[in-house]
Structures are given as structure tokens and as C-alpha cells.
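Index from 1, following the sequence. Since this is a predicted model, take the numbers as computed values, not measurements.
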Amino acid sequence: NFQLLLTALAFRQASRLLNNIAIIVPTTSIIIIAAVLISTASGLLRPASNHIALGIGRRGSGSLYLPRFGDALRGPSTATAITFYRKRQFTMSASESSNDATVAMHWFRKGLRLHDNPALIHALSLVNGNNDGEKQGRIYPVYIVDPNCYQLLKCSVLRARFLLECIQDLDDSLKQRGSRLYVATGNPAEVLPKLWEEWGVTHMVHEGDETGEPYAVERDGAVRKAASDAGVEVMEFRSETLRPLGNVPGGYVANVGGFANNLPGTMSSFQQLISRIDRGNVPAPLDAPGKEDFPKRRNSDNDDDGEYLPLEHPWDIPWPRGYNRDEIGPVWDRKDCVDASLSPIVRGGETLALQQLQKTIMARPDWTASFEKPKTSCTEVSSPSTTVLSPYLSLGCISPRTAWHAVADANTRASSRTNRSKPPVSLHGQLLWRDFNNLMAHSANAQNPGSWGRMEGNPYCRDVPWSSDPELLAVWKEGRTGYPWIDACMAQLRTEGWIHHLGRHAVACFLTRGDLWQSWEEGADHFEGELLDADYALNSFNWMWLSCSGFFYMYFRCYSPVAFQKKNDPNGNYIRKWVPELANLPAKNIYEPWKANISILNTAGVKLGKTYPRPIVDHAIVSKENMSKMSLAYDMHKDKQAATKKNGKKAAGKAPPKKKAKKQMKLK
């Protein structure tokens, strides 16, 4: 009798609830809903909590579902499925629910901006209703602080703080538009499904990663599977480069026959490729959405205003999953986070990125039109001689298309007397280099997944038998080589998270083919941890180039750690700033303190081997030895290629008719 009483009461409550819910579903679905509510009340099914909340949304191709946090009672794919979820922060009231309402999530990853963000624009279009009376839905802009992602796995305090500044700026901009950023921490494949259930998410959009970066591939595959299981529709948009990289309309691969191994391997041939796509025109950037583009917040939206807030300090970032201290580096603590000696070259966020664009490019049309990267100074001590937009581009605080069109606009406003530079040395050329680097990463990983960023298996990298000396590597990292110009660059990197590109050239050559003969992979790994503008595609490309392992093969052109900058900064002002222990040396000795007599050293307060190290190697000797090593490595690579080609012909069967052999020049 007690069970029958419970059932009767449950049926009465179900009838009242169904009458109050402003949705229209088939009669059979109402029966199912009533049955579930009756069964729950009478103990046949156990709800996830004492509070039952119903939400409505779209699943897959358009069938309806009710979001959940507990077990689901699912019908056929075309029928309505009823689920229960535990109420935490969001409960859709009867007046707010609609069978056409979409709950969209925009997952911010690297595109940390509102302007030129096609994924965000699409998410807003999903939830903004239409003129036919379709109800506005909801949008949840989300960022997951994932300690295992490329941006955080190996990062300095400076870069961790820069990322958090970008996140905070994004939250501020969204709040100005009546929205906010929801920030969670952990593994996206585990965190996102919980948020989908909690908020009743029906669609998720995000900017895609086209380079094939290994962790991003693994993460996105796991997220897609989880979304499929949860019935969340995922849409990916490509906006990290000027044009899509892959085999999609307008993409680079699509314009070489659809095969990544057909892509051009030189900058000049890449320029020819991009000039053929829409006559070289770069699509215009999209405007940032305004406050009117975001759906109005509802009363229930205020329930979670105290949760999912941006992290305030770098020490709030979780430790990477599955890694020990000696596997990630650099490792830092709270003391490092408040180190006043660390002063980043720029601060993070879309707001500051757009200001930097205005200040360095748009406000200086003549400078912009005549810009030539090789002619900029790497020894400026007051202000950089370049735009320093690279940290913002690396995290997507500014879009490459926005930067491209800002340069184009400045060029049109430049004086007719200004000599206009051209790619690849111009500012447009720098953006083309960026796309080319990303494209090479895409191509390498398409041919051999995960090969970009390492020597083994990389179709664009030559095998070079580098040495491995932890002591030499440590001396280079810490700026104790005994070569003031090299040590000054490494000090700036450690303090500001940035070095001019010519400084990067010098220290990379010194570590690899120039002096220490250590693997470029070690150098790339260190730069990945220290640079504010660390970028998966660009970092490895530059290290292969500078070590003459790929793309650039004139190894006999070696940067001198002395003469290279002596002509540009004869007084050594850059060294005086970043290696203060040498600040009192006269100009003629500051690049080579070991050549100064003892009285000069004593007057300057320098004690070689104590206050400043002696040179770790003799550049004049080791540079020549390393050229011989590189020549031998090239010969070995050529022999390996010839053997591979010969074996390939044998495997193919009958060889084609023989042609007269041409004399092959030795590669240098």
C-alpha cells in the first residue's frame, strides 16, 4: 500500500511538472518522462541526487536529449532520451527551456582573442536564435589550463605568467560583452565531458591544430571520442595561419594535389604556391563580436560566478600528469614567481597585442613599408628594433590575418619616397615565414606522425652524429661560455623570455655546428621552455635551419661569437647591460676579455675564471673541426639517400631505361 501511495503521488507530481515545462514533445515521449519520474519516485530508478533538473538540447543530427550527470535512460537515436543530472550551478527553469535552444561551448586553446575568431563567431550564431521565434540559447566560453599541453609542459615562470595574463585579459573582454570566461584545470578529455553534462552542452567549437603536434593530436582524439559518446557535436575551425594548411578548400595541401609530401620545401617555392591561391590575396580578418552578439545572461547564469575563475598565480598551475621533475624543466617555485629580476619583454593579452600592433606597425607606415628583418639591430638596450608581436602570435592573442592587413594598410599610407621592402625580408615576409614553418611541421607529421621536433624519422632533417655533453649544455644554458656576446643573449633570454632573431642565430650556431657540437634538439628543448614566443612549428624549424640540419645547408657560413656583433655594437652596450660583471671593461676588450692584460682586468674588477669564466672552447679551432664533421655528415646522408633510392628501384621491379649519368657536385 505504501508503494502504491508513492506511485500515485509521483504521478501527480509528474503531471504538474509536465504541464509547467514549456516544451513540445511527442505524446510517447511524455509517457516515457512520466514513467521515469514515477519509477524514480517509487524507488525503481535512483536519481543522481535529490534534486531532479531537466534541460533540453540537440544531440547529433538533431534528435533531442536531456543533459545528465547520472545514468541515462536512452531511447532510439531518433527518439527523446531522458536523463538525470546532479544540480551544481545550472538549472534551466521552465520559462528558460526550449526544444530549439542550443547550448554551445567555445573551447579556447591557442586562439586567445575575440577578433578574427571564426570558431567563436560560429558558436554565437548557434545560440542567437532567428526571426522565426527560435529561442536564444547559451554560450560557455571555456579555457582548460592543461599542464601537459605544449604551452605549459616545458615553460618558465615568465611564460606561465604570460599565459595567465592572456586568460585574464580574455575574461575581462568577455565581461565587457556581458559574458565571461570559465577556467578549469586538468586533462581536457576528462574535464570537458563533466562540463558538458553540468551545463547541458549540445555543441562545442574550437580552433583546430593543423601542425600535428603529438600531444594535441592525442588530446583532440580523446576529446572527439568523449564528445561522440556524450552526443556533443564538435566543430573545428582553422585560423592559426593565413590560410589553412591541409587538404581543405583554400588550403596549401589542397593546392598541391592533396598530398602533404608534394609541398614546397623552400621559401621561394612556397611564395610561388601562395601567389597561386586566390592570386595571393589573404582573407580579411573578422571583427570581434560586440555585446549585442552575445545572448543575454539569465538569472541562473549568476549561480556559477564564483567558480571557474582564471588562475591568479603561476603556482596555481597543476603539475604535469605522469612527469617527474627531471623530465619537464624548467622547474620553479613560489620564490621564482615573485623574482623581481624577471621582467618580460611584453605582457600578455589580446588588448596589449592590439596596442602593440598599433604602436609598432599602424602608427609607423614608413617604417613598416621599408622594414627589412636582417637590417634590424639585435643589440638595442632601450627598446627592441622589431615589432615583438611574436609572443602574441604564438598564443593567438592576435591573428596573423589581422597583422597581415595592418601591414598592408600601413604600406598604402607610407610616403611615395619610401623604398618598400618585399618578402621574404619584409613584414609580410615574416608572416609568410610563419606559415611556411607551420606547413613544414604539418607535412613532416603527415608523412611520419610526431617526427617534427626531432631528428630521427623527420623527412626534412639530416642525420648528424652530434655529441652529447651535459656539462657543455649546462654552460651554454646558464650563459657561462666565456664568450660575452653569447652569454649576454642567454641572460636576456632568461630575464625577458625573448632574444632578437640574430641573437638566436648566434647562440644556436654556437651550441651546434659552430662550437659545441651539441644536438639542435637540446637547444630547441631549452628554447621551448624559456621563450615567451615558443611555438611548436617555428622553434624546430629555426633550430634545424641554424644547425644546418634542414632547409639551410651552407654550413661553412659560421657565426663568430666575437666579430658577428662587434661591428654592430662596438662599445658593447648590450654586453654591459646583460653581463654586468664586464661593464667596466674598455670597448676593445669587452668582446674578448681573455685578451686583456692583467692591469686592465684588475681595473675593471674582472678575475677570469672567478668573476667571469674563461672561454669554454677556442672558436678558431673548433669551428674548423666542426665544418669537417658537417661535411662528413653530409656525405653520409648523401650515401644513405642513394642506397634508399637504389633499394626502392629494386622493390619496384624492372628499372626504367638508363640515362647518361651526370656528374654530381659535392653538397656543401
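By the neighbour-count criterion of 12 heavy atoms within 6.0 Å, atom CE of Met235 is densely surrounded, having more than that number from other residues, nucleotides or ligands. Atom CZ of Phe552 has more than 12 neighbouring heavy atoms from other residues, nucleotides or ligands inside a 6.0 Å radius. Within 6.0 Å of atom CG in Asn281, more than 12 heavy atoms from other residues, nucleotides or ligands are found, so the atom counts as buried in its surroundings. Shown here is Asp287, whose CG atom has no more than 12 heavy atoms of other residues, nucleotides or ligands within 6.0 Å. Counting non-hydrogen atoms of neighbouring residues, nucleotides and ligands closer than 6.0 angstrom, the CD atom of Glu456 reaches no more than 12 such neighbours. Enclosure of atom CZ in Arg557 is not indicated, since only 12 or fewer non-hydrogen atoms of other residues, nucleotides or ligands lie within 6.0 angstrom.
Not counting sequence neighbours, the partners of Glu530 by the side-chain contact (heavy atoms from CB on, under 4.5 Å) test are Ser156, Pro330, Leu493, His526. Qualifying salt bridge (Lys or Arg N to Asp or Glu O under 4.0 Å) partners for Arg238, counting only residues two or more places apart in sequence or in other chains: Glu210. Residues satisfying the side-chain contact (heavy atoms from CB on, under 4.5 Å) test with Ile277, not counting sequence neighbours, are Arg243, Tyr252, Asn255, Leu273.
Using the six-membered ring where Trp is involved, Phe436 and Phe551 have ring planes that are perpendicular, over 60° apart on the 30 and 60° scheme. A tilted orientation is assigned to the rings of Tyr392 and Phe162, their planes being inclined by 30° to 60°.
Here the straight-line distance linking atom CZ of Arg462 with atom CE of Met455 works out to 13.0 Å at 0.5 Å rounding. The CE atom of Met440 lies 12.5 Å from the CG atom of Leu538; values are rounded to the nearest 0.5 Å. Trp452 contributes atom CH2, which lies 6.5 Å from atom CZ of Phe541 (distance to the nearest 0.5 angstrom). Glu165 contributes atom CD, which lies 12.5 Å from atom CG of Leu112 (distance to the nearest 0.5 angstrom). Here the NE2-NE2 distance, from His106 to His122, works out to 12.0 Å after rounding to the nearest 0.5 Å.
Ion pairing of Asp463 with Lys640 is present here, as a side-chain N (NZ or NE/NH1/NH2) and a carboxylate O approach within less than 4.0 Å. Salt bridge absent: Arg177 and Asp293 never bring a charged side-chain N and a carboxylate O closer than 4.0 Å. By the 4.0 Å N-to-carboxylate-O rule, Glu207 lies close enough to Arg113 to be salt-bridged with it.
Judged by distance alone, the side chain of Gln430 and the main-chain N or O of Val425 form a donor-acceptor pair under 3.5 Å. Side-chain atoms of Asn445 come within 3.5 Å of backbone atoms of Gly450 as a donor-acceptor pair (strictly under, hydrogens ignored). Between the side chain of Arg513 and the backbone N or O of Cys509, no donor-acceptor pair lies under 3.5 Å. With hydrogens and angles ignored, the 3.5 Å screen pairs a side-chain donor or acceptor of Asn539 with a backbone N or O of Ala524. Put simply, the side chain of Asp366 never gets that close to the backbone of Ala414: no donor and acceptor are under 3.5 Å apart. With hydrogens and angles ignored, the 3.5 Å screen pairs a side-chain donor or acceptor of Glu213 with a backbone N or O of Ala216. Formation of a donor-acceptor pair under 3.5 Å by the Ser443 side chain with backbone atoms of Leu439 is not found in this model. In this structure a side-chain-to-backbone donor-acceptor pair under 3.5 Å is missing from Thr102 to Val127. The closest donor-acceptor contact from the side chain of Glu350 to the backbone of Leu114 lies under 3.5 Å. Between the Asn117 side chain and the Leu120 main chain, a donor and an acceptor come within less than 3.5 Å of each other.
The side-chain heavy atoms of Ile398 and Gln356, taken from C-beta on, include no pair separated by under 4.5 Å. Leu427 has its side chain within reach of Thr387: a pair of non-hydrogen atoms, C-beta onward, lies under 4.5 Å apart. Using a 4.5 Å cut-off on side-chain heavy atoms (C-beta onward), Ser631 and Tyr555 make contact. A heavy-atom distance below 4.5 Å is found between the side chains of Pro214 and Tyr536. Counting heavy atoms from C-beta on, the side chains of Ser239 and Ser399 never come closer than 4.5 Å. A 4.5 Å side-chain heavy-atom check between Leu181 and Pro141 finds at least one atom pair inside the cut-off.
A donor atom on one side chain and an acceptor atom on the other are not found under 3.5 Å apart for His500 and Thr386. Residues Thr351 and Asp169 bring a donor and an acceptor atom of their side chains to less than 3.5 Å of each other.
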